[in-house]
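In the text below, chain A, chain B and the rest are named by the order of the sequence lines, each starting its count at 1. Note that the structure is a prediction, hence the values are computed from the model and not measured. Both backbone and side-chain heavy atoms feed into the values below; hydrogens, waters and symmetry mates do not.
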There are 2 protein chains.
Amino acid sequence: MERSNKRAEAPPGERPGTRPGADRPPTIRGVAARAGVSKSLVSLVLQGSPRVSDAKRQAVLAAIDELGYRPNAAARSLVARRTRTVGVLLNDMRNPWFVEVLDGLNSLLQAHDLRMLMADGRLDRRAGHDFARTFQELRVDGLVVVGTLPDTTGLAEAAERLPTVIAGNHEPRLPHTDLVANDDEHGARLATEHLIGLGHRRIAHIAGQGPVGERRRRGFETAMRSHGLAAHAVVESGDGTEEGGYRAAVRLLGPPRTTRRTPTERPTAVFAFNDISCVGALSAAQELGLDVPADLSLVGYDNTYLARIRHLWLNSVNNASHEVGRRAARCLLDRMARPDAPAGHQLVAPALEIRGSTAPPGAV
Amino acid sequence: MERSNKRAEAPPGERPGTRPGADRPPTIRGVAARAGVSKSLVSLVLQGSPRVSDAKRQAVLAAIDELGYRPNAAARSLVARRTRTVGVLLNDMRNPWFVEVLDGLNSLLQAHDLRMLMADGRLDRRAGHDFARTFQELRVDGLVVVGTLPDTTGLAEAAERLPTVIAGNHEPRLPHTDLVANDDEHGARLATEHLIGLGHRRIAHIAGQGPVGERRRRGFETAMRSHGLAAHAVVESGDGTEEGGYRAAVRLLGPPRTTRRTPTERPTAVFAFNDISCVGALSAAQELGLDVPADLSLVGYDNTYLARIRHLWLNSVNNASHEVGRRAARCLLDRMARPDAPAGHQLVAPALEIRGSTAPPGAV
DNA sequence: AGAGAGCGTTGGACCGTTCCAATCGACGCG
DNA sequence: CGCGTCGATTGGAACGGTCCAACGCTCTCT
């Protein structure tokens with residue numbers, strides 16, 4: 001017995017019981033004792049080493065099975081000095097595209113035997129927790145930030161200590177931190193050019209707030225300008241909500257409040273910041289007696305399942321979130337291999353999903 | 001320099017090369033050395049022990065700060081034999097009510113200094129992973145299963161080893177495993193009685209599949225029967241999708257295909273299995289020229305944000321998912337205190353959210 | 001026959017923390 | 001002055017694994 005310094009008066013029970021009982025889960029030593037081998041050999045079997053005789057391997061496996069032994073990840077990672085875990089910080093799990101990103105992340109990470117530890121930044125922060133600190137204490141091997149981050153405090157510190165990738169956001173540009181984001185400007189151009197291609201000239205954009213809203217607006221304006229339609233571009237501000245989209249559309253499409261605007265000036269197409277505000281615009285259009293798409297074409301963004309409802313059936317820009325996740329995972333793996341590589345930034349090109357909410361403009 | 005065990009020939013760069021040593025994160029010993037105390041004293045400070053002199057405490061805190069020390073959770077939990085972590089198994093993160101449940105869970109768990117480790121069962125299973133095994137290896141202190149579980153293999157085994165609670169599902173009844181679920185039958189009764197209360201008599205139900213669908217159908221039938229309307233109850237099967245709801249509604253509301261059905265027999269109200277199939281029914285109604293709610297009343301289920309779209313504005317049953325999460329957390333905490341208590345099952349009562357999709361029936 | 005190689009197996013050091021018993025110095029008391 | 005008390009501090013043994021050097025055994029080669 002290697003552990004000879006055990007108390008002599010300890011009862012020689014089956015399990016080397018600690019004082020008041022409470023049977024602990026079996027350890028590698030328990031398995032070794034049961035199989036009649038050393039713990040080192042059990043360790044070798046666990047690692048699938050080829051240099052173990054078949055007889056002993058069987059004995060060990062049997063013992064593991066009988067005792068229901070499960071290796072202790074904490075002990076393992078303590079000596080390995082890596083956890084095979086990456087922290088994933090989410091921000092609003094209500095947002096469905098997160099799931100796509102996670103899905104993409106997962107596909108690559110699992111192939112590399114890494115598990116994901118997810119935290120909802122919103123929940124944690126509300127409780128005054130600092131996710132960055134927690135992830136560091138857990139010694140995650142890497143960090144993925146998905147989406148926008150209300151306060152980047154702590155992130156910078158975490159990022160300089162462990163491989164970090166930002167996915168789905170352009171925002172915090174940090175020294176050794178890669179970034180994979182949707183090319184919002186490109187997506188907005190796609191949507192706008194689709195409308196222009198149909199023959200629309202007077203096209204409105206219902207804008208969103210924040211950096212994302214700005215990029216999409218910029219894409220819209222760029223497309224209009226490069227087709228010589230800058231004079232026909234209208235931007236009405238929204239807030240990304242249905243209500244905001246509704247109100248913006250009423251301002252765009254309703255009876256002119258100033259004497260300046262004539263009926264012919266009414267936009268024949270609207271490109272909205274996102275699907276939800278597009279739905280608001282749709283409501284407004286119908287209330288105003290405009291048929292979509294005959295009288296008004298609509299394009300949304302994000303290709304959420306709202307757009308897929310037959311009742312709405314919106315054209316929408318699909319930002320390939322799954323691809324964002326995959327690429328982010330790729331970046332993270334690369335960075336785990338070479339932590340000091342310069343930060344890389346890449347954009348993923350979205351695609352336009354065509355359904356039934358656009359058509360060529362009617363007779364002007 | 002404090003890190004004196006560094007190879008003498010290693011270049012003294014800002015970032016020490018990863019070559020042989022790879023600077024490890026500071027440990028409690030490093031902090032102790034820097035503060036000029038023993039590691040035990042550092043440990044005491046970390047635990048906020050009152051029996052440490054102020055001078056030394058300050059020295060230790062300063063050292064921690066300067067080195068950017070973060071305690072190693074693995075080492076800590078190894079000796080503590082608990083991780084202060086509960087595993088949360090999700091199944092389809094696309095489903096928004098999960099988030100509510102998580103939110104509810106989180107509120108209580110964080111108050112008890114427990115963190116949540118989330119796994120998406122769908123993702124894991126696809127990769128041939130066994131979440132139950134993983135959670136056991138991580139030695140989580142408890143397990144929460146949220147929603148339905150495709151295969152319960154492994155769960156039974158996990159549940160008998162660690163405190164487990166099922167949230168949001170009636171399904172696997174296991175020995176020492178509590179269960180907190182939505183009272184679907186009650187919710188369906190609420191919806192049906194609301195319609196009955198408005199004066200509807202001929203009411204249809206678009207059913208869903210699986211155990212949940214069955215419970216909601218049963219609630220519908222019970223309510224109809226207890227108001228003497230069993231003869232007027234119609235159940236048309238759907239599949240929980242928009243398409244299924246649409247087709248079911250067409251069968252219910254469209255021109256009678258058999259000579260038996262007369263126009264007066266057409267239902268004046270439909271209670272759908274969920275919001276999405278309710279939206280399908282809404283589409284069908286509008287295509288058939290029926291006005292909602294004047295000609296047809298609709299009630300959905302789950303109170304998703306679909307129901308909140310002004311365009312749809314559906315009455316819907318709101319199963320208090322946040323409350324489900326809270327109660328599940330409560331159960332888990334109780335069970336962690338007394339693991340051998342008998343299994344408890346509780347149902348959370350839903351409420352009907354009234355919007356604009358119902359009205360008294362028109363003249364018959 | 002002895003040396004060496006190769007294979008299967010083993011003891012022990014170590015990972016970074018907590019906890020306990022022991023130590024140390026200062027102090028009050030008989 | 002020696003002794004017990006008390007509070008602050010410390011060394012060392014766990015915790016449950018991995019890994020490495022070393023070991024014994026069999027086999028082969030010279």
Side-chain angles (χ1 to χ4, degrees), chain A residues 1-8 10 15-20 22-60 64 67-84 136-139, chain B residues 5 21-60 64 67 69-84 136-139:
Chain A
M1 288 276 163
E2 77 216 37
R3 205 153 277 293
S4 53
N5 55 353
K6 184 132 260 162
R7 291 276 184 80
R15 294 189 180 233
T18 52
R19 249 293 143 272
D23 60 335
R24 304 181 181 179
T27 76
I28 199 174
R29 298 186 212 278
V31 173
R34 176 145 193 143
V37 299
S38 72
K39 65 179 177 29
S40 301
L41 194 103
V42 176
S43 178
L44 288 176
V45 170
L46 287 173
Q47 263 126 88
S49 162
R51 46 200 344 169
V52 176
S53 68
D54 263 358
K56 301 240 173 179
R57 183 191 311 280
Q58 295 310 326
V60 168
I64 286 176
L67 275 77
Y69 166 76
R70 298 282 176 271
N72 183 323
R76 196 172 259 187
S77 66
L78 184 56
V79 50
R81 250 182 257 98
R82 60 179 301 184
T83 51
R84 310 214 65 94
Q136 283 181 68
E137 294 191 359
L138 292 169
R139 297 289 192 274
Chain B
N5 56 351
D23 62 334
R24 304 180 181 178
T27 75
I28 200 174
R29 307 185 127 88
V31 174
R34 176 145 194 142
V37 299
S38 72
K39 64 176 176 34
S40 301
L41 193 98
V42 177
S43 179
L44 289 176
V45 171
L46 286 173
Q47 264 126 87
S49 161
R51 45 201 341 173
V52 177
S53 69
D54 263 358
K56 302 239 173 183
R57 182 191 312 279
Q58 293 312 325
V60 168
I64 287 177
L67 274 72
Y69 166 76
R70 299 281 177 271
N72 183 324
R76 195 172 259 186
S77 67
L78 183 57
V79 49
R81 249 180 259 96
R82 62 178 301 185
T83 52
R84 309 213 67 92
Q136 282 181 68
E137 294 191 359
L138 291 169
R139 298 289 194 271

Residue pair Arg76(B) / Leu46(B), side-chain heavy-atom distance below 4.5 Å: yes
Value in whole Å for how far the P atom of dG16(D) lies from CG of Leu138(B): 16 Å
Nearest-neighbour nucleotide for the Arg51(A) side chain, dC15(C), dC7(C), dG11(D) considered: dC7(C)
Whole angstrom value for the distance that separates C1' of dG17(D) from CD1 of Ile64(A): 13 Å
Whole-Å distance separating the CG atom of Asp54(B) from the P atom of dT9(D): 10 Å
Separation of dC23(D) P from Leu41(A) CG (nearest whole Å): 19 Å
Whichever of Thr27(A) and Pro50(B) has its nearest DNA chain D nucleotide further upstream toward 5': Pro50(B)
Euclidean distance, Ser77(A) OG relative to Leu78(B) CG, rounded to 0.5 Å: 9.0 Å
side-chain N/O Ser53(B) vs dT9(D) OP1/OP2, d < 4.0 Å: yes
Any Ser43(A) side-chain N or O less than 4.0 Å from OP1/OP2 of dT18(D): yes
Nucleotide dC14(C), atom P - distance to CG of Asn72(B) in whole Å: 18 Å
Sugar-phosphate, base or nothing in reach of Lys39(B), heavy atoms under 4.0 Å: base
4.5 Å side-chain heavy-atom contact, Val37(B) and Val60(B): yes
Between dG16(D) (P) and Leu67(A) (CG): distance, integer Å: 14 Å
d(CZ, Arg29(A); P, dC15(D)) in whole Å: 8 Å
Contact under 4.0 Å: Arg139(A) side-chain N or O vs dG16(C) OP1/OP2: no
Residue mapping more 5' on DNA chain D - nearest nucleotide basis, Val79(B) or Leu46(A): Val79(B)
Leu44(B) side-chain proximity, nearest of dT9(C), dT9(D), dG17(D): dT9(D)
Base dG11(D) paired with Ser40(B) side chain (donor-acceptor, <3.5 Å): yes
Side chain of Lys56(B) - closest among dG16(D), dT18(C), dT9(D): dT9(D)
Nearest-0.5 Å distance, CG of residue Leu41(A) to NZ of residue Lys56(A): 6.5 Å
Contacts of type salt bridge (charged side-chain N to carboxylate O under 4.0 Å, His left out), residue Arg81(A), not counting sequence neighbours: none
Below 4.0 Å: OP1/OP2 of dC19(C) and any side-chain N or O of Gln47(B): yes
Rounded distance (Å) that lies between atom P of dC14(C) and atom CG of Leu78(B): 17 Å
side-chain N/O Arg76(B) vs dC15(D) OP1/OP2, d < 4.0 Å: no
Under-4.0 Å side-chain N/O to phosphate OP1/OP2 contact, Arg81(B) with dG16(D): yes
Gap separating the CZ atom of Arg70(B) from the CG atom of Asn72(B), nearest 0.5 angstrom: 13.0 Å
